[in-house]
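Below you'll find the structure, written out as structure tokens, and then a few comments.
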There are 2 protein chains.
Amino acid sequence: MPDRNELRKAGLKVTLPRVKILEILDSSDNRHLSAEDIYRRLLEVGEDIGLATVYRVLNQFEAAGLVVKHDFEGDKSVFELDSGEHHDHMVDIDSGEVMEFFSEEMEQLQHDLCEQRGYELADHTMVLYVRKKKA
Amino acid sequence: MPDRNELRKAGLKVTLPRVKILEILDSSDNRHLSAEDIYRRLLEVGEDIGLATVYRVLNQFEAAGLVVKHDFEGDKSVFELDSGEHHDHMVDIDSGEVMEFFSEEMEQLQHDLCEQRGYELADHTMVLYVRKKKA
DNA sequence: ATGAATGCAAAAACTTTGCATGACG
DNA sequence: CGTCATGCAAAGTTTTTGCATTCAT
């Protein structure tokens with residue numbers, strides 16, 4: 001039961017809502033889910049967990065470093081399991097599909113741009129909004 | 001009266017709220033203001049303009065390309081006058097200061113990363129969260 | 001004059017919180 | 001058992017909308 005250990009390692013009590021939410025984040029095809037998405041899937045699976053709890057649990061997961069929270073749309077946040085490997089995102093503006101990518105060159109460049117100005121890079125967000133090229 | 005012409009060029013009727021909001025955006029030291037910020041400054045200057053109007057006007061300005069809307073914080077949006085020159089942002093996480101910068105190399109790299117994957121870059125958001133380097 | 005813009009208050013959308021109840025260790 | 005987590009409903013935030021009134025052209 002890997003999920004349970006993840007929770008214990010994070011110092012979180014192993015409760016049914018937390019386990020179920022972790023399962024959903026882990027098993028979903030779409031790696032990026034909103035609180036509402038998760039809530040709906042819980043209901044579908046017959047778990048009667050409140051939306052408020054979903055929010056609370058997700059926030060705890062974020063604080064514990066288990067998930068990362070993104071604001072791609074500005075209005076609604078989405079959460080993804082933290083794989084440990086940093087990456088950025090590309091969003092297909094037609095389909096809404098979210099893709100992940102990593103570019104060492106990009107990371108380096110961001111770092112350098114900050115250094116040049118006397119700052120150190122603490123964190124960054126980058127989303128490329130793209131469209132499939134016509135063949 | 002440059003403001004009035006900007007409005008006419010954008011196909012917007014020249015009304016007092018629109019002129020005043022444009023003035024505030026133009027004269028503020030802080031280039032990045034929230035709707036609430038603008039609303040507050042309007043009251044300070046004695047203009048009795050409703051918050052709903054501020055939102056409506058800002059949205060029209062965005063649609064007209066006069067301002068750009070950003071979601072640096074996820075909860076509250078900020079608006080800045082569109083200077084015409086694209087740039088990205090660096091936010092000092094200690095002071096909250098927002099700095100603008102532009103890197104041709106960065107733009108090129110973003111473009112290439114999309115092309116490599118068969119997409120064309122339509123738009124992007126990038127915010128570097130930084131901290132002043134200790135001397 | 002006439003269609004568009006504004007103000008106000010109400011609603012919407014998302015998220016957080018208070019409090020009584022129930023579950024984990 | 002004591003404490004922490006949950007559920008529900010209520011409240012909080014930010015932003016949008018309906019409608020009567022006012023304003024720009």
Side-chain angles (χ1 to χ4, degrees), chain A residues 1 3-24 32-43 45-64 66-79, chain B residues 1 3-25 32-43 45-64 66-80:
Chain A
M1 236 120 266
D3 290 349
R4 289 177 161 72
N5 284 327
E6 297 232 58
L7 288 173
R8 274 193 271 270
K9 271 188 290 184
L12 293 171
K13 204 181 277 190
V14 177
T15 66
L16 191 143
R18 302 217 256 239
V19 172
K20 288 299 172 192
I21 290 172
L22 211 45
E23 277 179 19
I24 287 181
H32 305 84
L33 300 173
S34 69
E36 190 77 36
D37 289 337
I38 294 174
Y39 176 61
R40 224 174 311 103
R41 301 202 185 190
L42 285 169
L43 295 186
V45 183
E47 295 295 340
D48 211 339
I49 295 173
L51 180 56
T53 299
V54 175
Y55 275 106
R56 266 185 299 231
V57 168
L58 287 172
N59 285 337
Q60 294 159 347
F61 283 5
E62 191 195 12
L66 289 173
V67 306
V68 183
K69 179 179 180 178
H70 299 287
D71 298 284
F72 295 149
E73 327 220 331
D75 53 334
K76 197 179 290 188
S77 300
V78 297
F79 300 81
Chain B
M1 237 123 261
D3 290 350
R4 289 178 160 72
N5 284 326
E6 296 232 59
L7 289 173
R8 286 205 191 76
K9 273 188 288 183
L12 293 170
K13 203 180 278 190
V14 177
T15 65
L16 190 142
R18 304 219 254 239
V19 171
K20 288 299 171 192
I21 290 172
L22 211 43
E23 278 180 16
I24 286 182
L25 282 165
H32 305 83
L33 300 173
S34 70
E36 190 78 34
D37 289 337
I38 294 173
Y39 176 61
R40 222 173 315 102
R41 301 202 184 190
L42 285 169
L43 294 186
V45 183
E47 294 295 339
D48 211 339
I49 295 174
L51 181 55
T53 298
V54 175
Y55 274 105
R56 267 186 298 232
V57 168
L58 287 172
N59 286 336
Q60 295 159 347
F61 283 4
E62 190 195 11
L66 289 174
V67 307
V68 183
K69 180 179 179 180
H70 300 287
D71 299 283
F72 295 149
E73 326 221 332
D75 52 334
K76 198 179 290 188
S77 300
V78 297
F79 300 81
E80 76 172 306

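Numbered from 1 within each chain, the chains take letters A, B, ... in sequence-line order.
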Closest non-hydrogen contact found for B/Thr53 with B/Pro17 is CG2-CB, 3.9 Å
Looking for any heavy atom pair under 4.0 Å, which part of the strands does [X] touch: base, sugar-phosphate only, or nothing?
X: A/Arg56; answer: base
X: B/Leu16; answer: nothing
X: B/Ser77; answer: sugar-phosphate
X: A/Lys13; answer: base

Of B/Leu12 and B/Val78, the one whose nearest nucleotide on DNA chain D sits closer to the 5' end is B/Val78
Practice item. Using modelled atom types only, decide if a donor and an acceptor are shared between the side chain of A/Arg4 and the backbone of A/Val14 within a distance under 3.5 Å. Key: no
With B/Lys20 as partner, the option from B/Ile38, B/Leu42, B/Asp3 fulfilling side chain to side chain contact (heavy atoms under 4.5 Å, CB included) is B/Leu42
If you compare every side-chain N and O of [X] against the phosphate oxygens of [N] (OP1, OP2), does one of them come in below 4.0 Å?
X: A/Tyr55; N: C/dT16; value: no
X: B/Asn59; N: D/dT15; value: no
X: A/Thr15; N: C/dA23; value: no

Rounding to a whole Å, what distance do you find between [X]:[atom1] and [N]:[atom2]?
X: A/Leu51; N: C/dT16; atom1: CG; atom2: P; value: 10 Å
X: A/Tyr39; N: C/dA13; atom1: OH; atom2: C1'; value: 15 Å
X: A/Arg40; N: C/dC14; atom1: CZ; atom2: C1'; value: 14 Å
X: A/Glu47; N: D/dG7; atom1: CD; atom2: P; value: 10 Å
X: A/Ile49; N: D/dC8; atom1: CD1; atom2: P; value: 11 Å

